S.K.: 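This is the structure, below, for whatever I ask next.
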Amino acid sequence: MPFHIVLYQPEIPANTGNIVRTCAATGTHLHLIHPLGFSTEDKYLKRAGLDYWREVTISHYQSYEDFLSKKGGGAMYLVETGGSMNHTDPVYQDGDYLLFGKETSGIPASILAAHREQVIRIPMMNGTRSLNLSNTAAVVLYEALRQQQFNGLI
């Protein structure tokens, strides 16, 4: 069972395109919670994802509640700069979900409050606001894959 990357209302097409490419390279399922900040026909989105689009399973949701109603049984980790544990602390299992918020405002406080024990962060220097969304997704996903001994990857 693959890992799942969930993007909550992404705003920058190139970030989502880069994440599509990461998903293709790792066999990860991508979930997009609408509204998106761009058209799925955006040229920067398509360019960043290169020709990997047809190799990725992408699911679309009209809202966070819609996503929750259809989510499978894996654990869900929310990635946010104010997380209480490092991204290397959880013991990831196949089928887990990694949720990332909007580039400008992150994950809404109400969602974070409902999952307080599953909020993780990537350590950074003091005074740094955040890493790029696509870089963050790759760092956390590859930690989860490392813990699974990169099962199925060469």
Side-chain angles (χ1 to χ4, degrees), residues 1-81 83 86-108 110-112 114-115 118-122 130-154:
M1 180 179 291
F3 284 105
H4 302 267
I5 287 182
V6 183
L7 300 181
Y8 179 88
Q9 301 179 354
E11 299 169 311
I12 300 173
N15 284 337
T16 299
N18 287 332
I19 291 169
V20 164
R21 194 169 169 180
T22 299
C23 288
T26 59
T28 300
H29 186 152
L30 178 61
H31 304 262
L32 298 174
I33 299 174
H34 289 238
L36 306 179
F38 49 84
S39 163
T40 55
E41 299 303 317
D42 183 281
K43 68 179 181 181
Y44 297 108
L45 175 76
K46 297 295 183 190
R47 183 181 303 152
L50 298 176
D51 55 348
Y52 294 106
W53 289 92
R54 61 184 170 274
E55 298 177 31
V56 178
T57 300
I58 303 175
S59 298
H60 293 264
Y61 306 92
Q62 293 308 308
S63 66
Y64 177 70
E65 291 74 22
D66 182 30
F67 162 72
L68 282 182
S69 72
K70 297 171 182 166
K71 172 186 168 296
M76 184 165 70
Y77 296 97
L78 294 72
V79 184
E80 188 61 54
T81 54
N86 287 340
H87 72 291
T88 54
D89 291 341
V91 177
Y92 299 104
Q93 303 294 320
D94 284 341
D96 284 352
Y97 291 77
L98 307 170
L99 174 68
F100 302 87
K102 291 181 179 183
E103 289 92 338
T104 57
S105 57
I107 300 169
S110 61
I111 296 174
L112 293 172
H115 303 278
Q118 294 117 339
V119 181
I120 61 175
R121 63 179 165 77
I122 297 173
S130 64
L131 295 172
N132 171 275
L133 177 63
S134 61
N135 292 334
T136 302
V139 166
V140 176
L141 175 61
Y142 268 87
E143 171 58 20
L145 292 165
R146 183 195 66 78
Q147 289 185 14
Q148 297 295 309
Q149 284 77 47
F150 301 105
N151 186 21
L153 303 179
I154 55 171

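Quick caveat: nothing in here was measured; it's all calculated off a predicted structure.
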S.K.: Parallel, tilted or perpendicular: which one describes the rings of Phe150 and Tyr142, with boundaries at 30° and 60°?
M.R.: tilted
S.K.: Please confirm whether the backbone N or O of Asp66 pairs with a side-chain atom of Ser69, one donor and one acceptor, at under 3.5 Å?
M.R.: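 Answer holds: yes.
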S.K.: Keeping the roles fixed (side chain from Glu55, backbone from Ala24), state whether a donor-acceptor pair exists under 3.5 Å.
M.R.: no
S.K.: Under the 3.5 angstrom rule, does the side chain of Gln148 hit a backbone N or O of Tyr92 as a donor-acceptor pair?
M.R.: yes
S.K.: Evaluate the ring planes of Phe67 and Tyr64, with Trp represented by its six-membered ring, and classify them as parallel (under 30°), tilted (30 to 60°) or perpendicular (over 60°).
M.R.: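 Ring orientation of Phe67 relative to Tyr64: tilted.
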S.K.: Measure the acute angle between the ring planes of His4 and Tyr97, then classify it against the limits of 30° and 60° as parallel, tilted or perpendicular.
M.R.: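 Parallel.
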S.K.: At what distance, to the nearest 0.5 angstrom, does CH2 of Trp53 lie from CG of Leu30?
M.R.: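 Atom-to-atom, Trp53:CH2 and Leu30:CG are 7.5 Å apart.
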S.K.: May I ask you to decide if Thr88's main-chain N or O and Asn86's side chain share a donor-acceptor pair within less than 3.5 Å?
M.R.: no
S.K.: Rounded to the nearest 0.5 Å, how far apart are OG1 of Thr136 and CG of Asn132?
M.R.: 6.5 Å
S.K.: Measuring from atom CD1 of Ile19 to atom CD1 of Ile5, what distance do you get when rounded to the nearest 0.5 angstrom?
M.R.: 6.0 Å
S.K.: Main chain of Asn15, side chain of Asn18: is a donor-acceptor contact present, judged purely on distance under 3.5 Å?
M.R.: no
S.K.: Just verifying a value: how many Å separate Arg21 CZ and Asp51 CG, rounded to the nearest 0.5 Å?
M.R.: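 Arg21 atom CZ to Asp51 atom CG measures 9.0 Å (nearest 0.5 Å).
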S.K.: As a test of understanding, state which of Val79, Leu78, Leu7, Val119 forms a side chain to side chain contact (heavy atoms under 4.5 Å, CB included) with Leu99.
M.R.: Leu78
S.K.: Restricting to non-hydrogen atoms, name the atom on Val20 and the atom on Val56 that form the minimum distance, rounded to 0.1 Å.
M.R.: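 Looking at all heavy atoms of both residues, the shortest contact is O-CG2, 3.4 Å.
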S.K.: I'd like to know if the side chain of Glu80 and the backbone of Leu112 have a donor-acceptor N/O pair within less than 3.5 Å.
M.R.: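 The answer is no, because no donor-acceptor pair under 3.5 Å joins these two groups.
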S.K.: Between Gln147 (side chain only) and Pro90 (backbone N and O only), is there a donor and an acceptor less than 3.5 Å apart?
M.R.: yes
S.K.: Within this structure, what is the OG1-NE2 distance for the pair Thr40 and His60, rounded to the nearest 0.5 Å?
M.R.: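 Answer for the OG1-NE2 pair, Thr40 versus His60, is 6.5 Å.
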S.K.: If we ignore hydrogens and angles and just use 3.5 Å, is the side chain of Glu143 paired with the main-chain N or O of His87 as donor and acceptor?
M.R.: no
